[in-house]
*Asks:* 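Provided herewith is a single structure, encoded as structure tokens, for subsequent inquiry.
Lettering follows sequence order; numbering is per chain, from 1. Note that this is a predicted model, so its numbers are computed, not measured.
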There are 2 protein chains.
Amino acid sequence: MKRNSGRRPTMADVAERVGVSRALVSLVFRNQPGAGEETRERVLRAADELGYQPDTAARLLARGRSRTLGVVITVHQPFQADLVEALYPAAERLGYDVLLSAHLPGLPGRDERRAAEALLSHRCEGVILLGHALTAAQLEALGGDTVAVAVSRSVPGARIDCVRSAEGQGVRQAMDHLVQLGHRDIVHLDGGDGPGSAERSRAYRAAMRAHGLTGRIRILPGAHTREAGVGAGELLLTEGRLPTAVLAGNDTSAMGLLMVLMRAGVDVPAEISVVGYDDSHVSHLLPVGLTTVRQDAVALAERAVRFAVDRLEGEGAAPPPREAVLEPRLVVRGTTAPPRV
Amino acid sequence: MKRNSGRRPTMADVAERVGVSRALVSLVFRNQPGAGEETRERVLRAADELGYQPDTAARLLARGRSRTLGVVITVHQPFQADLVEALYPAAERLGYDVLLSAHLPGLPGRDERRAAEALLSHRCEGVILLGHALTAAQLEALGGDTVAVAVSRSVPGARIDCVRSAEGQGVRQAMDHLVQLGHRDIVHLDGGDGPGSAERSRAYRAAMRAHGLTGRIRILPGAHTREAGVGAGELLLTEGRLPTAVLAGNDTSAMGLLMVLMRAGVDVPAEISVVGYDDSHVSHLLPVGLTTVRQDAVALAERAVRFAVDRLEGEGAAPPPREAVLEPRLVVRGTTAPPRV
DNA sequence: ACTGCTGACTAGCGCGCTCTAGTAGAGCGC
DNA sequence: GCGCTCTACTAGAGCGCGCTAGTCAGCAGT
């Protein structure tokens, strides 16, 4: 690796140094047959000496494809971090590379559209949106021009591939668990406009009704943030009487809630049970562990990549939008117990 | 926006539709003078109708520059999320775009080198490494071929631009604060190979010595993870006697520690004081707030971008590697108090 | 000697864009 | 009429690579 000040070396430089044609160097770098063993090695050595690295932009331009998937993320979301972690190997197995672009809710000019455009303009062939907040129309616009897959949030009516888990089932499992333990006074901490939260609170209501607890339905406004959990905890504490159980919108808000409760000396789960949602890896951090609804990040990521790749490599007419709904599974850990009598 | 199945439209398609030359379309899309007002509008309208979007790969190839900075991140690190959040606007102000690539410690094939290469091959002009774990030699190799800036971790001897905060000062402030409160039995939870942790534990030892507490120096092995904090907390609890204060390697491990302690009914800060490091936004989440050493993510990000851009746009010979050392500041919140007598 | 074939290598077009060097035509002063 | 400038636009050469369609030497078979 030699520092080569000035412009970066190109294939032509390598070719010239070895005394062969550019095409031969190209062959070598693409691992294609057609180059002699000895020449191949001389090319690689020369490239190394020059510090040559193939230029992806040019490579992309020349062959039609980039084999790169763009992923739009929201920073500060542990479950999305889990997804990203799972996306890389899933994409790699199918021969795709991954590029990330952040959507920053705080920064005006940096919404999902902008992030997706940045990715596309870098020749990503498809875009995977993690927990976006786009409307059906915006999704359609995106999906019309390109291959796009939405993860976690299903937007009814949007003609776009979507991967999510069956929120209703997950919530139902959690609620059944709580009711079975003997809880009746179960409050739901809403997830605001977070992915899946509309479905989750709908399912909460349905479950309460199903268990004959219609009169006890109570939904606290919230978000998928720790701040929201903290706020909800403080609200509950000021009320004097705690519910016996809380179903949080996701793990992050559950953790915020737990933080406040424990801090106030409330005994979890003896005095109050808390259930999270996602099984992002924060839920393993309590010594007792957070009871939560597990969304399989690996499976979600694999499905998302598969949808994108299918569409990219599919022959003929584009198939109609598909939806994969994965079954979540309640993971009972230490934050739930029968209510105190 | 019309769904245009088949290949995506190019400049030539737009030009043909309007009945002008490709060059004119190019002018319009670069907002350059030289096109009549009416033509300009016709071009834009045609482009919109075709769903044309300029192809960055080709654009990059054609003009020398991409004006894009690559950022190598580690997923699951709140402080890095803060940095990323600050990097976008900082880069944008200087007219640069940002692309992210993750380094996954878990996945073998996905180390910092690989992440950086992915970014470079997508024509990023420079790479900003957030809390990497590369050796001096690896950094040099990277810095030799390209513009690279390391954030948070200074590697002695590596000839590469570096932005970090003065760990020694930060730790010193935290230690002075604890000692002034009356603490003598102060344990340090090490950050393992996390960025800055070597300097932090060195500074811890120095501060203990400076306060005449050499005999009480105690460093618990750890990492910049919540798991490490949880582990340390459990260890301390099994020992029966808690220290009166803990200086954690970063906020994340401090939170893990706090979680366990509170869970065990330990009163923070009455029974034990805890100081974090970073002031990542998790530290605001406790109702009382985490006392921590604030690293200014915005300033760090701005400096990192500025270093990269200076090098990219600097004329003449490359300047010697620079280092920016920002002053951290202790932020006293609710997790520190005088020890119980 | 001719053909056929294989392995090693090359010429050169094209990917979609930028950018330099130009041209056509209008307007203007003399 | 002439040159001159200015605006609106165009021709065409790259940028670094991939890829198709070759060339050419060497060798076996008839």
Side-chain angles (χ1 to χ4, degrees), chain A residues 4 6-44 46-47 50-68 95 120-125 145-146, chain B residues 4 6-44 46-47 50-68 97 120-125 145-146:
Chain A
N4 150 308
R7 70 189 222 311
R8 73 189 257 187
T10 77
M11 231 169 209
D13 298 327
V14 178
E16 190 189 3
R17 190 179 176 103
V18 182
V20 296
S21 70
R22 269 180 37 249
L24 216 245
V25 178
S26 174
L27 283 182
V28 170
F29 270 86
R30 280 176 292 136
N31 264 322
Q32 296 270 325
E37 196 45 51
E38 194 213 311
T39 325
R40 194 175 287 268
E41 268 176 29
R42 278 169 52 220
V43 166
L44 289 175
L50 289 173
Y52 169 76
Q53 237 202 313
D55 179 331
T56 310
R59 180 171 263 184
L60 294 191
L61 194 54
R63 71 178 166 219
R65 313 219 14 210
S66 73
R67 298 194 74 88
T68 300
L120 289 175
S121 79
H122 278 270
R123 283 230 151 188
C124 289
E125 297 181 30
D145 295 336
T146 179
Chain B
N4 149 307
R7 70 188 218 314
R8 70 190 259 187
T10 77
M11 229 168 210
D13 298 328
V14 178
E16 190 189 3
R17 190 180 177 102
V18 183
V20 294
S21 70
R22 271 177 33 252
L24 215 244
V25 178
S26 174
L27 281 182
V28 170
F29 270 87
R30 283 176 292 137
N31 262 322
Q32 296 269 323
E37 195 47 51
E38 193 214 312
T39 325
R40 194 175 288 269
E41 267 176 29
R42 276 170 53 221
V43 166
L44 290 175
L50 289 173
Y52 168 76
Q53 238 203 313
D55 179 330
T56 311
R59 179 172 265 185
L60 294 191
L61 194 57
R63 69 179 163 219
R65 313 224 12 214
S66 74
R67 299 193 73 89
T68 301
D97 204 359
L120 288 175
S121 79
H122 277 270
R123 286 231 151 187
C124 289
E125 298 181 33
D145 294 337
T146 179

*Asks:* Distance check: side-chain N/O of A:Arg30 vs OP1/OP2 of D:dC19, anything under 4.0 Å?
*Replies:*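 A:Arg30 to D:dC19 OP1/OP2: side-chain N or O found under 4.0 Å.
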*Asks:* Need to verify one output field. Residue with the more 5' nearest nucleotide on DNA chain D, B:Arg42 or A:Arg63?
*Replies:*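 Mapping each residue to its closest nucleotide by heavy atoms, the 5'-most match is B:Arg42.
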*Asks:* Counting any heavy atom closer than 4.0 Å, what does A:Pro33 reach on the DNA or RNA strands: base, sugar-phosphate only, or nothing?
*Replies:* nothing
*Asks:* Over all strands shown, is B:Gly34 touching base, sugar-phosphate only, or nothing at heavy-atom distances under 4.0 angstrom?
*Replies:* base
*Asks:* Is there a side-chain polar atom (N or O) of B:Thr10 under 4.0 Å from OP1 or OP2 of C:dG16?
*Replies:*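 No, B:Thr10 has no side-chain N/O under 4.0 Å of OP1/OP2 on C:dG16.
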*Asks:* Select from A:Asp55 and B:Leu27 the residue whose nearest nucleotide in DNA chain D is closer to the 5' end of that strand.
*Replies:* B:Leu27
*Asks:* Using whole Å, report how far CG of A:Leu24 lies from C1' of C:dA11.
*Replies:*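 That distance rounds to 13 Å.
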*Asks:* Rounded to whole angstroms, how far apart are CD on A:Glu16 and C1' on C:dA11?
*Replies:* 17 Å
*Asks:* Rounded to the Å, how far apart are A:Leu60 CG and C:dC15 P?
*Replies:* 15 Å
*Asks:* Exactly one of B:Glu41, B:Arg40, B:Arg42 should register a side chain to side chain contact (heavy atoms under 4.5 Å, CB included) with B:Val28. Which one does?
*Replies:* B:Arg40
*Asks:* Please work out if B:Ala35 contacts a base, only the sugar-phosphate, or nothing of the nucleic acid, heavy-atom cut-off 4.0 Å.
*Replies:*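 It contacts sugar-phosphate atoms only.
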*Asks:* Write down the partner of C:dC30 under the Watson-Crick or G-U wobble criteria, each distance required to be under 3.5 Å.
*Replies:* D:dG1
*Asks:* With both distances under 3.5 Å as the test, what is the Watson-Crick or G-U wobble partner of C:dT3?
*Replies:* D:dA28
*Asks:* Under 3.5 Å, is there a donor-acceptor pair between the A:Ser26 and A:Arg22 side chains?
*Replies:* no
*Asks:* First locate atom CG of B:Leu27, then atom CG of B:Leu24, and finally report the distance between them rounded to the nearest 0.5 Å.
*Replies:* 6.0 Å
*Asks:* Does A:Ser26 place a side-chain N or O at less than 4.0 Å from the phosphate oxygens OP1/OP2 of D:dG18?
*Replies:* yes
*Asks:* CD of A:Gln32 versus P of C:dA8: gap in Å, rounded?
*Replies:* 14 Å
*Asks:* Would you mind listing every salt bridge (charged side-chain N to carboxylate O under 4.0 Å, His left out) that reaches into residues 51-60 of chain B, with sequence neighbours excluded?
*Replies:* A:Arg123-B:Asp55
*Asks:* Using whole Å, what does the distance between atom C1' of nucleotide C:dG22 and atom CZ of B:Arg22 come to?
*Replies:*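 Spelled out: CZ on B:Arg22 to C1' on C:dG22 is 16 Å.
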*Asks:* What's the separation between atom CE in B:Met11 and atom CZ in B:Phe29, rounded to the nearest 0.5 Å?
*Replies:* 7.0 Å
*Asks:* Report yes if a donor N or O on one partner sits less than 3.5 Å from an acceptor N or O on the other, where the partners are the side chain of B:Arg8 and the base of C:dG16; otherwise report no.
*Replies:*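 Looking at the base of C:dG16, it does not pair with any donor or acceptor on the side chain of B:Arg8 (distance under 3.5 Å).
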*Asks:* Distance check needed: D:dC15 P versus A:Leu61 CG, whole Å only.
*Replies:*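 So the two atoms are 14 Å apart, to the nearest Å.
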*Asks:* Taking atom C1' of D:dC19 as reference, at what distance in whole Å does atom CE of A:Met11 sit?
*Replies:* 12 Å
*Asks:* B:Thr39 side chain N/O closer than 4.0 Å to the phosphate oxygens (OP1, OP2) of D:dC9?
*Replies:*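 Answer is yes, contact under 4.0 Å.
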